[in-house]
Visitor: 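A single structure is presented below for examination.
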Amino acid sequence: MDSPLSATTTRMSEDSTVPRETLTITDNRTGKSYEIPINHDTIRAADLRQIKVDPKEFGMMSYDPAFNNTASCISKVTFIDGDAGILRYRGYPIEDLAEKSTYLETAYLLLNGELPTPSQLKDWTYHVTHHTFIHESIKKFLDGFHYDAHPMGMMISTIAALSTFYHDAKDIFSAESRQKQTYRLIGKVPTIAAFSYRHTLGMPFVYPDNELSYPGNFLNMLFRTTEPKYRPNATLEHALDVLFILHADHEQNCSTNTIRGVGSSHVDPYSATAAAIAALYGPLHGGANEEVLHMLMQIGSIQKVPDFIKRVKTGEVKLMGFGHRVYKNYDPRARIIKHIAYEVFELMGKNPLLEIALECERIALEDEYFVKRKLYPNVDFYTGLIYQSMGFPMTMFPVLFAIPRTSGWIAQWEEMLLDPEQKIARPRQIYLGHNTRHYVPIDQRN
Ligand code: CMC
């Protein structure tokens, strides 16, 4: 099995027969040497604390703003090899899941560690499907939002509000309670997303249809008008299901780190999920798909792409949908999404912005600036074009990311809760502010 931390193990040896899995650090301030154990190419930051000049000192820390090189947990959920462009959920390649699985089956896999048997899948689907309705008071709550409220803002608040309806959710160390909240969250997230969308249009809410698939029912709640029975288009239903699979988890990104951090205070899962959605909303994370469309519209034509790329290279603007903290190769999700895009365009007509996106990608993949920095299209580069062609307004794009990511968030939240090594998340700081100062009354300040 791949190590979640690293693919290789460094071996140091004094005599070639006995490898020592340790790191020797010499503190040149004192001349003392320390031997620190290595596990999975990683040392424990707490082991550095023994390194001190004076025994009364706190001890050495490592400084890592933005967690560039810090493992915050041990995980068995998702594996990424950013250099090779590999993504696997519970060991299964994303390409296999996108081709052969469904979102609900993939969500089960993420949450339970194994693919379901036919009866497990039936039971799981039944329970998620039977938790899609929301309390009528939540509808009133949604009605309170202004007509042009961003649906991500509505999602954050409404998911947080679920905690006020389900008091049993506070019982986070009960497996039964966690299971119930999982059904509720995965079942209700599409309903809340669709109701938020209908609210912005001033259209009546459409209740869930239990006979439809997970993505089919979502399309029903979004787009049904006067027809007595909504029948989703099979191509769009499939495209949405694959997009949901691709977005279901992505190991320790900003929003997953948020649900783990917020959840580590032992708050209920609705409040923790609301925090994760807030993290996802930002333009550097799940909000990037919306920004890509704004950018492509702003570029306006293929002829203007070279000028835009020049502005990117001077640092004036970013090429949204490009670059990734972990991938230093083509994002495997972007490759699959490009295929789906063509399937959707065949049905709905080609998105006129596609040519601009392809030209951006063509130039960027050849340009020294992007090549040197290993900047490739990420998951968000092409999704917006597909969503737009499917009829979604831009403000719904990040919501389409949040719906499937809920399964990954809950899987990671539960893993954190059950990990005996985890405690309340609480980083250290290097304080460089003033030393003690005495309060100066306001009339004596200048
Ligand atoms: N356009 C232009 N230059 C870029 C870009 C970009 N999109 N991304 C990174 N760079 C440059 C950056 O300026 C820096 O250059 P230099 O070394 O000269 O200072 C270098 O590449 C390294 O970038 P970084 O900011 O240190 O990388 P990071 O790991 O901190 O940031 C990122 C990762 C995704 C936030 C960043 O690449 C970015 O802002 N991309 C655009 C937003 C985007 O598409 N976000 C979606 C990410 S994928 C979906 C998800 O999981 O959320």
Side-chain angles (χ1 to χ4, degrees), residues 64-70 77-80 82-83 85-87 89 94 152 243-260 275-296 298-299 305-338 357 359-387 394 397-409 412:
D64 188 13
F67 305 118
N68 265 298
N69 195 36
T70 292
V77 182
T78 291
F79 173 80
I80 301 176
D83 290 326
I86 291 172
L87 168 61
Y89 297 159
I94 193 67
M152 277 299 262
L243 287 162
F244 280 180
I245 292 172
L246 299 180
H247 286 88
D249 195 51
H250 213 231
E251 55 118 302
Q252 307 312 313
N253 53 78
C254 178
S255 55
T256 301
N257 183 52
T258 300
I259 197 162
R260 280 179 172 265
I277 301 176
L280 187 75
Y281 190 5
L284 297 188
H285 193 7
N289 50 18
E290 193 181 341
E291 294 302 320
V292 170
L293 257 270
H294 285 297
M295 176 189 80
L296 295 175
Q298 192 201 335
I299 297 172
V305 171
D307 269 354
F308 184 80
I309 297 287
K310 267 190 212 150
R311 290 173 60 211
V312 172
K313 285 159 63 176
T314 58
E316 192 189 327
V317 284
K318 268 191 171 175
L319 183 57
M320 297 308 286
F322 258 71
H324 200 275
R325 173 63 60 78
V326 181
Y327 290 120
K328 300 301 166 201
N329 199 327
Y330 214 98
D331 181 335
R333 300 168 299 174
R335 219 185 281 283
I336 301 169
I337 284 166
K338 236 172 140 179
E359 183 64 1
C360 286
E361 180 182 330
R362 189 190 66 76
I363 298 185
L365 292 184
E366 287 173 358
D367 191 291
E368 161 81 6
Y369 175 94
F370 297 89
V371 174
K372 204 172 105 199
R373 290 169 179 78
K374 299 188 176 165
L375 300 172
Y376 291 87
N378 60 47
V379 70
D380 290 318
F381 194 63
Y382 287 104
T383 46
L385 294 172
I386 308 180
Y387 297 148
M394 281 187 277
F397 297 177
V399 173
L400 293 162
F401 195 148
I403 294 170
R405 185 55 61 86
T406 304
S407 55
W409 286 330
Q412 301 267 354

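Residues: numbered from 1 along the sequence shown. Every number for a ligand or one of its atoms is a count from 1 in the order of the listing. This structure is a prediction, so every number in the text was calculated from the model and none was measured.
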Visitor: Just by modelled atom types, is the Asp249 backbone N or O under 3.5 Å from a matching donor or acceptor in the Tyr89 side chain?
Guide: yes

Visitor: Tell me if the OH atom of Tyr369 is crowded by more than 12 foreign heavy atoms within 6.0 Å.
Guide: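 Count over threshold, so yes.
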
Visitor: Between Lys313 and Asp367 (salt bridge meaning N to carboxylate O under 4.0 Å), is one present in this structure?
Guide: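 Answer for the salt bridge query: yes.
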
Visitor: If the cut-off is 4.0 Å to any non-hydrogen atom of Val379, which atoms of ligand 1 fall inside it?
Guide: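 Near Val379, the atoms of ligand 1 are 49 (C).
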
Visitor: Any atoms of ligand 1 less than 4.0 Å from a non-hydrogen atom of Leu319? List them with their elements.
Guide: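 Those atoms are 1 (N), 2 (C), 6 (C), 7 (N).
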
Visitor: Atom 4 (C) of ligand 1: which protein heavy atom is closest, and how many Å away?
Guide: Leu375 CD1, 3.6 Å

Visitor: To the nearest 0.1 Å, how far is atom 41 (C) of ligand 1 from its closest protein heavy atom, and which atom is that?
Guide: Phe322 O, 3.4 Å

Visitor: Would a 4.5 Å heavy-atom cut-off, applied to side chains only, mark Tyr376 and Leu365 as touching?
Guide: yes

Visitor: If you measure from atom 38 (C) of ligand 1 to every heavy atom of His250, Lys318, His285, which option wins on shortest distance?
Guide: Lys318

Visitor: Tell me whether atom 10 (N) of ligand 1 lies less than 4.0 Å from at least one protein heavy-atom position.
Guide: yes

Visitor: Give me the nearest non-hydrogen protein atom to atom 45 (N) of ligand 1 as residue plus atom name, then the distance to 0.1 Å.
Guide: Leu284 O, 2.9 Å

Visitor: Judged by atom type as modelled, is there a donor-acceptor pair below 3.5 Å linking the side chain of Asn329 to the main-chain atoms of Asp83?
Guide: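 Yes; judged by distance alone, with no hydrogens or angles, the pair exists.
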
Visitor: Any donor and acceptor pair, going by atom type alone, linking the side chain of His247 with main-chain N or O of Leu400 inside 3.5 Å?
Guide: no

Visitor: Report the part of Asn253 in contact with ligand 1, treating N, CA, C, O as backbone and CB onward as side chain, heavy atoms under 4.0 Å; options are side chain, backbone, both, neither.
Guide: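 Near ligand 1, Asn253 shows nothing, with every heavy atom at 4.0 Å or more.
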
Visitor: Could you please spell out the steps behind the side-chain contact (heavy atoms from CB on, under 4.5 Å) verdict for Leu87 and Tyr327?
Guide: CA-CA 10 Å; Leu87 168 61; Tyr327 290 120; 3.6 Å; yes

Visitor: Considering only non-hydrogen protein atoms, determine which one is nearest to atom 47 (C) of ligand 1 and report residue, atom name and distance to 0.1 Å.
Guide: Asn378 ND2, 3.6 Å

Visitor: Please report whether atom 24 (P) of ligand 1 has a protein non-hydrogen atom at a separation of less than 4.0 Å.
Guide: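 Looking at atom 24 (P) of ligand 1, one finds that no protein heavy atom lies closer than 4.0 Å.
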
Visitor: Salt bridge check, Glu361 against Lys338: does any charged N sit closer than 4.0 Å to a carboxylate O?
Guide: yes

Visitor: Do the side chains of Ile336 and Ile94 get nearer than 4.5 Å, heavy atoms only?
Guide: yes

Visitor: Is there a side-chain contact (heavy atoms from CB on, under 4.5 Å) between Val292 and Tyr382? Walk through the geometry before answering.
Guide: CA-CA 8 Å; Val292 170; Tyr382 287 104; over 6 Å; no

Visitor: For atom 15 (O) of ligand 1, what's the nearest protein heavy atom and its distance?
Guide: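 Atom 15 (O) of ligand 1 sits closest to the protein heavy atom Arg373 NE, 3.2 Å.
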
Visitor: Tell me which protein heavy atom sits closest to atom 30 (O) of ligand 1, plus the residue, atom name and distance to 0.1 Å.
Guide: Arg325 NH2, 3.0 Å

Visitor: Under the 4.0 Å line, does any protein heavy atom show up next to atom 32 (C) of ligand 1?
Guide: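 Within 4.0 Å of atom 32 (C) of ligand 1, no protein heavy atoms are found.
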
Visitor: If you measure from atom 37 (O) of ligand 1 to every heavy atom of Cys254, Gly323, Gly287, Pro283, which option wins on shortest distance?
Guide: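 Going through Cys254, Gly323, Gly287, Pro283 one by one, Gly323 has the nearest heavy atom to atom 37 (O) of ligand 1.
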
Visitor: With a 4.5 Å cut-off on side-chain heavy atoms, are Leu280 and Trp409 touching?
Guide: yes

Visitor: Among all the protein's non-hydrogen atoms, which is closest to atom 42 (C) of ligand 1, and how far away is it?
Guide: Met320 CE, 3.6 Å

Visitor: For Gly321, take its heavy atoms, then give the atoms of ligand 1 lying under 4.0 Å from any of them.
Guide: 43 (C), 44 (O)

Visitor: Could you check whether any side-chain N or O of Arg325 sits under 3.5 Å from a backbone N or O of Ala66, counting only pairs where one atom can act as donor and the other as acceptor?
Guide: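 At least one qualifying donor-acceptor pair exists.
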
Visitor: Please could you name the atoms of ligand 1 that Asp380 approaches to less than 4.0 Å, counting only its heavy atoms?
Guide: 46 (C), 48 (S), 49 (C)

Visitor: Give a yes or no on this: more than 12 heavy atoms of other residues, nucleotides or ligands lie within 6.0 Å of atom CG of Asn68.
Guide: yes

Visitor: Which is it for Glu291 and ligand 1 at heavy atoms under 4.0 Å: side chain, backbone, both or neither?
Guide: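 No part of Glu291 is near ligand 1 at this cut-off.
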
Visitor: For the pair Asp64 (side chain) and Thr70 (backbone), establish whether a donor and an acceptor sit closer than 3.5 Å, ignoring hydrogens and angles.
Guide: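 Yes, because the side chain of Asp64 sits within donor-acceptor range (under 3.5 Å) of the backbone of Thr70.
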
Visitor: Could you tell me whether atom 21 (O) of ligand 1 has a protein heavy atom closer than 4.0 Å?
Guide: yes

Visitor: Tell me, which protein residue and heavy-atom name are nearest atom 2 (C) of ligand 1, and how many Å apart are they?
Guide: Val312 CG1, 3.5 Å

Visitor: Quick one: does ligand 1 sit under 4.0 Å from the side chain of Asp331, the backbone, both or neither, non-hydrogen atoms only?
Guide: neither

Visitor: Can you tell me which portion of Tyr369 lies within the under-4.0 Å heavy-atom range of ligand 1? Options are side chain, backbone, both, or neither.
Guide: side chain

Visitor: Going by the order shown, which atoms of ligand 1 are within less than 4.0 Å of some heavy atom of Ala288?
Guide: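 Reading through ligand 1 atom by atom, the close ones are 43 (C), 44 (O), 45 (N), 46 (C).
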
